[in-house]
Amino acid sequence: MTIQIYNTLTRKKEPFIPLEEGKVKMYVCGPTVYNYIHIGNARPVIAFDTVRRYLEYRGYDVTYVSNFTDVDDKIIKAANELGEEVGELTDRFIAAYFEDVSALGCSKADVHPRVTDHIEDIVQFVKVLIDKGFAYESQGDVYYRTQKFEGYGKLSHQSTDELKVGARIEEGIKKENPLDFALWKAVKVGEISWESPWGLGRPGWHIECSVMAREHLGDTIDIHAGGQDLTFPHHENEIAQSEAMTGKQFARYWMHNGYINIDNEKMSKSLGNFVLVNDIRKQIDPKVLRFFILSVHYRHPVNFSQDLVVSAENGLARIRTAYNNLKHRLATSADLGDQKDIWNYKVNEIKNNFELAMDDDFNTANAIASVFELSKLANVYLVEKNTQSDVLKHFIHTFDGLMTVLGLPMDEETGLLDEDVETLIEERITARRNKDFKRSDEIRDELKAQGIILEDTAQGMRWKRG
RNA sequence: GGCGGCAUAGCCAAGCGGUAAGGCAUGGGUCUGCAACACCCUUACCACCGGUUCGAUUCCGGUUGCCGCCUCCA
């Protein structure tokens with residue numbers, strides 16, 4: 001079955017057919033780097049990292065580009081307030097971004113272009129738009145002439161008349177039409193700026209993505225993604241710019257993720273109700289956060305609260321425990337060569353359901369349900385007295401594959417125990433053998449206080465950190 | 001005002017024409033020296049009112065409530 005993607009452009013799920021067979025060009029709008037990212041910013045990074053992983057799992061060669069907006073009003077303001085150079089500030093938060101996002105299990109993009117590295121390309125692009133009549137200079141600014149672009153509004157499904165009602169009117173004097181937006185902004189006193197045919201200035205916000213997407217992926221890209229709030233005006237404007245430039249379709253599939261809410265309200269930097277990834281990941285296992293976010297379909301809102309995260313934590317622990325129990329059992333199992341087909345068949349069936357879920361517009365909620373079913377099946381299998389190494393390995397291999405798609409690779413309980421802990425464990429084993437349960441329980445409690453949980457199983461004792 | 005989304009068990013969340021996946025939590029049982037892990041059992045008049053249909057949680061119309069975009073924003 002082909003992958004179905006909900007395309008904002010058509011408001012329908014469509015079969016995913018990349019422009020070039022086997023290859024996917026993907027562009028995801030990245031952050032404006034003037035602060036640490038909050039978990040709302042992290043959602044698209046996680047969601048589309050997962051999309052990318054699944055496409056790769058399905059054999060596609062994905063080229064993934066995600067930009068940094070490293071010059072803009074908010075950055076300039078923040079730099080001024082902190083008495084820092086714009087470049088220093090953005091370097092700092094880009095580094096922080098990579099740390100945060102990698103903790104959340106997101107791979108780096110193939111390219112992370114920065115606006116300030118593309119000023120010359122942007123100037124050239126704007127020049128052409130002016131030449132083509134799609135843009136005009138006005139008092140050192142350059143604006144996009146939205147009236148001239150026939151498809152304006154096609155992504156947000158609004159007619160220009162409807163949009164006009166809500167359009168902001170300040171700066172209206174400089175614009176021919178309130179819907180027009182800035183491609184180039186004339187410098188204000190003390191601001192960072194670059195030379196251009198229209199004098200000193202800097203790029204507008206929307207132009208960067210058109211330019212960098214084209215620069216790194218070409219005229220037409222397969223998937224363009226970002227948060228729901230970017231649909232209008234940002235993505236709408238990108239389409240206007242790029243398609244006016246090339247005369248070709250800019251992006252074939254537009255994907256937009258839903259928000260993360262706090263108390264049922266959008267989390268945003270401007271509302272001030274945000275939770276920084278940098279803070280929260282020190283309190284909560286970042287993988288739990290990822291798991292939590294993926295437990296809801298990417299287009300639906302996620303409500304964030306401590307209770308819900310705890311519930312996600314318990315859920316993920318169930319999966320991890322099942323996996324670790326499989327590994328533990330492997331040590332005492334051999335290949336018996338019988339009955340394995342039934343179990344392998346069931347495992348494959350679950351894997352298949354996982355793929356069907358992901359095929360259906362990356363339904364990670366259902367995909368995770370499949371992983372829970374796999375955990376259940378594994379646990380049921382582990383109840384059997386005689387387990388076979390082949391079956392266990394098939395379970396483990398399947399877990400590894402599916403969890404890698406979700407960006408939640410299973411890590412084993414590794415690391416060695418301290419010598420004195422080892423000694424205590426030895427002592428406990430002897431105590432239990434002698435039915436000295438008092439001493440045995442003492443040791444178990446003592447180690448538990450140190451964060452080491454001992455479990456006695458039919459296949460011997462095992463420990464885990466908890 | 002325009003465009004759009006959502007309303008499913010105590011909580012979270014899939015499903016979207018054939019009387020409801022999964023998870024968390026709760027209660028009861030089994031396993032265990034006791035635990036832990038695990039297993040079994042247990043819980044839904046799918047917001048409301050109409051309509052279409054043999055049949056609707058699922059489609060259509062309406063009502064109510066919540067949320068978002070239209071302004072920087074993931």
Side-chain angles (χ1 to χ4, degrees), chain A residues 8 11 28-32 34 37-48 69 72-74 77 153 156-159 161-170 179 205 225-234 236 256-261 264-271 274 291-292 295-297 299-303 305 307-319 321-322 324-325 328 353 357 360 363-373 375-376 378-383 432 435-438 440-441 444-445 448 453-458 461-464 466:
Chain A
T8 308
R11 286 185 177 165
V28 179
C29 284
T32 301
Y34 66 102
I37 58 164
H38 62 245
I39 57 175
N41 296 308
R43 164 110 104 147
V45 187
I46 292 169
F48 300 118
T69 299
D72 114 306
D73 289 340
K74 289 184 299 261
K77 191 171 164 237
S156 50
H157 301 273
Q158 296 266 314
S159 73
D161 289 344
E162 287 157 358
L163 286 168
K164 226 178 260 185
V165 180
R168 83 161 149 185
I169 41 170
E170 24 168 326
L179 285 182
W205 173 39
Q228 226 161 51
D229 46 356
L230 296 184
T231 308
F232 190 89
H234 188 239
E236 194 72 62
H256 293 97
N257 65 273
Y259 303 121
I260 287 186
N261 295 150
N264 235 11
E265 236 186 8
K266 178 181 172 180
M267 175 182 303
S268 77
K269 286 180 184 170
S270 37
L271 286 177
F274 53 85
F291 180 77
F292 170 63
S295 68
V296 180
H297 184 91
R299 281 191 281 117
H300 293 176
V302 171
N303 214 24
S305 80
D307 287 355
L308 295 176
V309 170
V310 167
S311 143
E313 190 166 30
N314 292 339
L316 183 58
R318 176 179 167 78
I319 293 167
T321 302
N324 288 327
N325 289 352
H328 181 253
N353 286 336
D360 183 15
N363 194 329
T364 52
N366 277 338
I368 286 173
S370 289
V371 177
F372 276 117
E373 270 159 23
S375 307
K376 171 71 155 213
N379 288 332
V380 168
Y381 183 61
L382 288 170
V383 168
R432 287 193 77 228
K435 305 254 186 263
D436 181 0
F437 296 123
K438 187 168 173 280
S440 160
D441 290 351
R444 188 169 62 195
D445 291 344
K448 193 180 177 188
I453 295 167
L454 301 185
E455 297 178 349
D456 303 311
T457 76
M461 192 220 76
R462 69 177 171 229
W463 63 272
K464 65 181 180 188

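All chains are named by letter (A, B, ...) in the order of the sequence lines, taking the proteins before the strands, and each is independently numbered beginning at 1.
- Stacking between Phe372(A) and G22(B) is absent: the aromatic ring centre is not both under 5.5 angstrom from the base six-membered ring centre and within 30 degrees in plane angle.
- Using a 4.0 Å heavy-atom cutoff across all strands shown, Ile37(A) reaches no nucleic acid atom at all.
- No engagement by Thr231(A) is indicated, since no non-hydrogen atom pair under 4.0 Å with the nucleic acid exists.
- For Gln158(A), counting side-chain heavy atoms from C-beta on, the closest listed nucleotide (G15(B), G2(B), C37(B)) is G2(B).
- Nearest nucleotide to the side chain of Asn379(A), out of G15(B), A74(B), C39(B): C39(B).
- Checked against C66(B), C12(B), G68(B), the side chain of Asn264(A) finds its nearest nucleotide in C66(B).
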Open item on the list: Please determine whether side-chain hydrogen bond (donor to acceptor under 3.5 Å, both in side chains) holds for the pair Asn41(A) and His38(A), giving the CA-CA distance in whole Å, both sets of side-chain angles, and the decisive distance to 0.1 Å.
Closed with: CA-CA 5 Å; Asn41(A) 296 308; His38(A) 62 245; 3.1 Å; yes
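- Comparing G15(B), C39(B), A35(B) by their closest approach to the side chain of Lys376(A) singles out C39(B).
- For Glu455(A), counting side-chain heavy atoms from C-beta on, the closest listed nucleotide (G15(B), A36(B), C39(B)) is A36(B).
- In this structure, of C3(B), A14(B), G33(B), it is C3(B) that holds the atom nearest to the side chain of Arg11(A).
- One atom, CD1 of Ile260(A), and another, C1' of G68(B), lie 15 Å apart when rounded to the nearest Å.
- Among the nucleotides G2(B), A74(B), C34(B), the one closest to the side chain of His38(A) is A74(B).
- Using atom P as the reference point in both A56(B) and C39(B), the two lie 37 Å apart (nearest Å).
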